Colleague: 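Quick one: structure below, then a few questions.
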Amino acid sequence: MKNNESKPLIVQSDGTLILDTHEPLFEEARSAISLFADLEKSPEHFHQYRINDLSLWNACAMDITLAHIETTLKQYSRYPIPPSLMAKVEQRYDRYGHLKLESHPTDETQLIMKVLNKPHLMRELQSQPKLRKLIITEETDTFRLNALDRGLLKHELIKLGWPVTDLAPLTQGDPLAIDLLPSTQLRPYQQSAVTAFLGDKQLGRGFGTVILPCGAGKTLVGIGTMQALQCETLILAANIAAARQWIREIVTRTTLTEDQVSEYSGQSKVIAPVTVATYQILVWRKAKTEPFLHFNLFKERKWGLIIYDEAHLLPAPVFRITSEIQSVRRLGLTATLVREDNAEAEVFTLIGPKRFDAPWKELEHQGWIATAQCVEVKCDLNEKEHLEYAIAPNRSKIRIASEAVSKITLVKAILALHQGKPTIIIGQYLSQLQAIAKELNLPIITGKTPQDLRDDLYNQFRNKTIQTLILSKVANFSIDLPDATIAIQLSGSFGSRQEEAQRLGRILRPKEEMSYFYSLVSRFTLEEEFAINRMRFLTEQGYTYQILSQEDFFDD
DNA sequence: CAACTTGCAA
DNA sequence: TCGAGTGCAAGTTG
């Protein structure tokens, strides 16, 4: 069996695929299985993929046959394929293709859903209360539905395990000549992302989600797609800063001029061939009962492409409107779909399935993002804090642990260790940050800091006039934050992995030198447990986590 | 009327 | 539940 030893893949009956990154066939196997399995974790030695309902139906949609999946698994698997797994795959495949969704021939506010070759399916669907609510009329093998419920319907059907094929043709949108300027070139992985998104145009693919880490240039993937499609485009961004960033990038990197690219926000409501809007303005309304006034934006022009930046932040009502416009090409961009609620399925069904993701570690190897070392430093509570902690209700325990005064001394030690390196200090509680700012006499930026002062401090940080900057939660979203080599996290919120990833993203711009990400954690407290949770995401992404204690800093 | 501040929402 | 943040519109001011 020496021959099989060198095969990279281990297939388990629960659908987990483990891929050994050291085997020569690794790369080949990776691209083969990613057609029907999702990447779950990519630590350094073994990557983990999973075959699940969504990934299989996604494969169905790409016309990948059952036989192809079996052959691929056999080809790369070290051990025999568990028969129960193939049985499960077959079962899932069998559920695909029985439901077809079409537009009503005369009434465009309605949809027709046909049930094919499954006698009992009609009955099964009729008995579902959530579907009942959406059905207008029913005949022997068809349902009539409201066009507005299209996305909701697709989502409910996925949850019931009966995916529907949406046959509504994708509209082309109004044409727009757009070209990259010669000074700009897509990196290989950005190009792959664009290609993966577009797929084979004859199959009509043109919706989906691309996953890339912060700092890997998601904007260019968007711009590359616009160039390929040559059509008017609506871009949705999480906040105004991000929206303006898109506009800047588009104007400086493409042949489009300033008056062809506009901002649609609370401050400026201009609509142009390329319009960048915030999520906020879309979901704004006078009162809870009033309609969403700005949803018209979707129909204002014949958009050929809608780009959802930071797709994991999509507010619920935007999901709903997205379901109404399923005939327009949709590109979701995100650093991570890990959301503490489980909205990933919604992103996949309404915007589109995952088309591309690159393991962070790999981009790091190729030098596109910086090499980072994560260090967790344990520190101790003092006598008084210990006492307070012991008697405090759970709620305040976290805060006491987060605000341990020993963290201040540690910050000093770490700053001394990395003397001369651009450093940011991030934390959750203003009082603590302010105390450190005062103690160390360092500048601080919080939500209340006026924009011009922020810009001023950022600039000084960029041109190295100041070396250290203290930042509150504003750091999580601010786009124009300058690069740092060292980040010190004083406290994080409730173990949100997404937040951790965002913060790490701040120090991941490509640089020659190693970046360090320090997390300060109080020993023997709840904070330790949260830290484990937060740490998991990064470990799974392939980062090594080093654990030190405060003594390590004061010994020598 | 542009540039603030204030209050609300999710 | 809380703390900190954001964006929106309307009100206030020089």
Side-chain angles (χ1 to χ4, degrees), chain A residues 235-247 262-271 275-297 308-310 312-322 339-341 343 346 389 392-404 424-437 444-455 457-458 469-481 489-496 498-503 505-506 526-527 530 534:
Chain A
I235 300 166
L236 305 180
N239 55 47
I240 288 190
R244 295 192 178 144
Q245 168 91 349
W246 271 94
I247 295 173
S262 73
E263 171 185 330
Y264 191 93
S265 67
Q267 280 150 52
S268 152
K269 291 184 190 56
V270 184
I271 297 173
T275 300
V276 190
T278 56
Y279 290 137
Q280 298 271 345
I281 190 131
L282 288 174
V283 297
W284 186 86
R285 49 187 167 173
K286 275 210 156 68
K288 267 188 180 170
T289 50
E290 301 270 312
F292 298 97
L293 291 172
H294 296 290
F295 272 14
N296 283 336
L297 180 58
Y308 298 84
D309 191 19
E310 310 290 359
H312 58 286
L313 297 173
L314 265 184
V318 178
F319 273 120
R320 224 169 307 139
I321 183 81
T322 298
R339 213 160 118 153
E340 303 305 317
D341 58 0
E346 260 177 285
Y389 185 87
N394 260 0
R395 173 93 232 123
S396 7
K397 273 185 161 65
I398 299 147
R399 180 145 192 174
I400 295 171
S402 297
E403 296 195 303
I424 53 175
I425 300 170
I426 329 162
Q428 162 97 320
Y429 302 104
L430 288 185
S431 51
Q432 180 188 30
L433 291 171
Q434 250 130 19
I436 291 195
I444 177 169
I445 294 177
T446 70
K448 287 205 186 73
T449 314
Q451 192 60 49
D452 51 350
L453 185 53
R454 286 188 208 188
D455 292 341
L457 285 169
Y458 285 160
L469 207 49
I470 301 180
L471 298 165
S472 70
K473 269 180 126 178
V474 285
N476 287 6
F477 288 100
S478 151
I479 273 292
D480 44 349
L481 190 72
Q489 177 172 254
L490 289 166
S491 54
S493 64
F494 277 79
S496 151
Q498 194 191 296
E499 185 169 309
E500 192 96 341
Q502 286 273 1
R503 288 182 173 177
R506 303 270 71 119
L526 284 172
E527 213 183 6
F530 296 140
R534 291 202 311 257

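Naming convention: chains lettered A, B, ... in sequence-line order (proteins, then strands); numbering from 1 in each chain. Note that these values count all heavy atoms, side chains included, but never hydrogens, waters or copies made by symmetry. A quick note: this is a predicted structure, and the numbers were derived from the prediction, not measured.
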Colleague: A:Y264 has an atom OH; how far is it from atom P of C:dC8, in whole Å?
Modeller: 10 Å
Colleague: Would you say C:dG7 has OP1 or OP2 under 4.0 Å from some side-chain N or O of A:H294?
Modeller: no
Colleague: Could you list the residues that satisfy side-chain hydrogen bond (donor to acceptor under 3.5 Å, both in side chains) with A:Q451, not counting sequence neighbours?
Modeller: A:D455
Colleague: Expressed as a whole number of angstroms, how long is the span from A:D452:CG to B:dA3:P?
Modeller: 12 Å
Colleague: Mind checking what makes side-chain hydrogen bond (donor to acceptor under 3.5 Å, both in side chains) contact with A:S431, not counting sequence neighbours?
Modeller: A:R399, A:E403
Colleague: With no hydrogens and no angle check, is any side-chain donor or acceptor of A:S262 less than 3.5 Å from a backbone partner on A:V270?
Modeller: yes
Colleague: For A:R244, which residues count as a side-chain hydrogen bond (donor to acceptor under 3.5 Å, both in side chains) partner, sequence neighbours excluded?
Modeller: A:E263, A:Q267
Colleague: Measure up the A:Y264 and A:H294 rings against each other and bin them: parallel (under 30°), tilted (30 to 60°), perpendicular (over 60°).
Modeller: perpendicular
Colleague: If only atom types and distance count, is the side chain of A:S491 paired as donor or acceptor with the main-chain N or O of A:Q428 below 3.5 Å?
Modeller: yes
Colleague: What is the distance, to the nearest angstrom, from the CG atom on A:L236 to the P atom on C:dG7?
Modeller: 15 Å
Colleague: A:Q267 has an atom CD; how far is it from atom P of C:dA9, in whole Å?
Modeller: 10 Å
Colleague: Rounded to whole angstroms, how far apart are CZ on A:F292 and C1' on B:dA10?
Modeller: 11 Å
Colleague: Drop me the distance from A:Q280's CD to A:S265's OG, to the nearest 0.5 angstrom.
Modeller: 11.0 Å
Colleague: Roughly how far, to the nearest 0.5 Å, is OG of A:S402 from CD of A:E527?
Modeller: 4.0 Å
Colleague: May I have the distance from A:R285 (atom CZ) to B:dA9 (atom C1'), rounded to whole angstrom?
Modeller: 10 Å
Colleague: Rounded to whole angstroms, how far apart are NZ on A:K286 and P on B:dA9?
Modeller: 14 Å
Colleague: Between the protein and nucleotides 3-6 of chain C, which nitrogen or oxygen pairs come in under 3.5 angstrom?
Modeller:
from	atom 1	to	atom 2	distance (Å)
C:dG3	N2	A:K473	NZ	2.8
C:dA4	OP1	A:L430	N	3.1
C:dG5	OP1	A:G447	N	3.3
C:dG5	OP1	A:S472	OG	2.1

Colleague: Can you list everything that forms a side-chain hydrogen bond (donor to acceptor under 3.5 Å, both in side chains) with A:T446? Sequence neighbours excluded, please.
Modeller: none
Colleague: Is there a side-chain contact between A:S265 and the phosphate of C:dG7, meaning an N or O under 4.0 Å from OP1 or OP2?
Modeller: no
Colleague: Would you tabulate the pairs of protein nitrogen or oxygen atoms and nucleotide nitrogen or oxygen atoms of nucleotides 11-14 of chain C closer than 3.5 angstrom?
Modeller:
none

